[in-house]
Protein chains: 2
Amino acid sequence: MSTRDNLLDAFEELLIDDGERSATLEAVAARAQVSKGGLLYHFKSKDALVEGLLERLVEHAQIDAEQMRTDPRGPSAYYVDTSVYAGSALDRSLMATARLIQETPRVRETMQDIHQRWFSIILQEVGERGAARAVMLIGDGLYYNAVLSGGTSAEDVAGTDPDDRAELLSVVARLTGRQG
Amino acid sequence: MSTRDNLLDAFEELLIDDGERSATLEAVAARAQVSKGGLLYHFKSKDALVEGLLERLVEHAQIDAEQMRTDPRGPSAYYVDTSVYAGSALDRSLMATARLIQETPRVRETMQDIHQRWFSIILQEVGERGAARAVMLIGDGLYYNAVLSGGTSAEDVAGTDPDDRAELLSVVARLTGRQG
DNA sequence: GTCTATAGCTCGATAGAC
DNA sequence: GTCTATCGAGCTATAGAC
């Protein structure tokens, strides 16, 4: 893997596990097993490091949106089912980026863009605005619970239980009008 | 108002508007129109300041839980309807505290406690676990959107529109079995 | 109860050797 | 492409005057 990606991985891990404050240039460099100078060769400033994180997030989100559109269960079921933190590349990008809200406006704008795109896809499937919003909010709620549970193991996160997931998906099916 | 409460208010405002990093002792003292030494007389350390914030949060949450139980529309409708950021004392406490997750474990524990209590109340009303979870998640999603929208004016926050709120409440009514 | 001054530390960023 | 060394700024916390 490129040193660049290695550094971004280290940055993500630190953000998720220890938060914004702990994700200093020195800590990122240390975790990537590079010196601070080595880091600053690839990213000229901390802003550049954040920008690199956002670029990767957008890439992952685009791939995810495509899978969301083509999933046989439909976008809504896909969205709710994948909103539980499972440690995917997108999950990690999102969790890490969430720690940086109000660091710079770019972070919030990027996350809102992605969020808006998801909503468009779900609205297209569901048709009705109210139900589409409810589905979105359930996914958002799951994501919020993951953030609230923080860097702790995914085991404790609400929604990991298979029965709970099935139950929730049936509620979503009712809301979307599919098989419900 | 006591200087203590004044300082906690200033701390909250800074956290909401500018984030954890900007909420330094100096900044808090300045916003409360007190010197840094004055602040440190009331709160011996930054941890003590955070602890003060958590105590107020718990107080507000207890009052809110009581209103939730006694609201004529039922706890679920109350929860979803009040999860939209409206600038109440509880809203501000929650938003501010949300910025401090992963600062110390105490923050996360306190928020999870409050969250658990809300769930108990809703489950008691709804009866069925799956539906109760769905209702909770919708509220959580609204709250997450508020956090995502950050310190920006509440106008842009999804869920502020009266029609949207009514539509959402009817979905909740369907899930809880009330009037739906 | 509130103030100023400052010690001690850590951060982001630069400079320059290799 | 990676390293060490260091500067200047900003942070928490302490000491002591008023």
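For clarity, every value in this text was computed on a predicted model and none was experimentally measured. Letters A, B, ... are given to chains in the order of the sequence lines, protein chains preceding strands, and every chain is numbered from 1.
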**Request:** Look at the side chain of Leu40(A) and decide which nucleotide, out of dT14(C), dT2(C), dT14(D), has an atom nearest to it.
**Result:** dT14(C)

**Prompt:** For the side-chain hydrogen bond (donor to acceptor under 3.5 Å, both in side chains) test, which of Asp64(B), Asp140(B), Asp71(B) pairs with Tyr79(B)?
**Reply:** Asp140(B)

**Item:** Interatomic distance, Gln33(B) CD vs dG1(C) C1' [rounded to whole Å]
**Value:** 17 Å

**Message:** Is it true that, when you exclude Arg117(B) itself, more than 12 heavy atoms of the residues, nucleotides or ligands shown sit nearer than 6.0 Å to its CZ?
**Reply:** no

**Message:** What I want to find out is whether Asp164(A) reaches Arg129(B) closely enough, with some N-O distance under 4.0 Å, to be called a salt bridge.
**Reply:** yes

**Message:** Side chain of Leu25(A), heavy atoms from C-beta onward: which of dT12(D), dT2(C), dA13(C) has the nearest atom to it?
**Reply:** dA13(C)

**Interatomic distance where CG belongs to Leu7(B) and C1' belongs to dG1(C) [whole Å]** = 12 Å

**Request:** Answer yes when Glu13(B) and Arg92(B) have at least one side-chain N-carboxylate O distance shorter than 4.0 Å, and no when they do not.
**Result:** no

**Request:** Taking only Lys NZ, Arg NE, NH1 and NH2, and the carboxylate oxygens of Asp or Glu, determine whether Arg21(A) and Glu20(B) approach each other closer than 4.0 Å.
**Result:** yes

**Asked** Can you check the Lys36(B) NZ to dC11(D) C1' distance for me, whole Å?
**Response** 7 Å

**Closest to side chain of Lys46(B), choosing from dA13(D), dC11(C), dC3(C)** = dA13(D)

**Request:** Verify the contact: side-chain N or O of Tyr41(A) to OP1 or OP2 of dT2(D), cut-off strictly under 4.0 Å; return yes or no.
**Result:** no

**Message:** How many whole angstroms separate atom CG of Leu39(A) from atom P of dC11(C)?
**Reply:** 13 Å

**Request:** With DNA chain C as reference, determine whether Ser22(A) or Gly37(A) sits nearer its 5' end, using the nearest nucleotide of each.
**Result:** Ser22(A)

**Item:** Residue-phosphate contact under 4.0 Å: Arg21(A) side-chain N/O, dT12(D) OP1/OP2
**Value:** yes

**Item:** Closest-nucleotide ordering on DNA chain D, the 5'-leading residue of Ser45(B) and His42(A)
**Value:** His42(A)

**Message:** Among dT4(D), dC3(C), dC11(C), which nucleotide has an atom closest to any side-chain atom of Glu26(A)?
**Reply:** dC11(C)

**Message:** In this structure, how many angstroms lie between the P atom of dT14(C) and the CZ atom of Phe43(A), rounded?
**Reply:** 16 Å

**Prompt:** Looking across every strand, which nucleic acid part, if any, lies under 4.0 Å from Thr24(A) by heavy atom: base, sugar-phosphate, or nothing?
**Reply:** sugar-phosphate

**Item:** Length of the CZ-P vector between Arg4(B) and dT2(C), whole Å
**Value:** 13 Å

**Item:** Under 4.0 angstrom between Thr3(A) side-chain N/O and dT2(D) OP1 or OP2
**Value:** yes

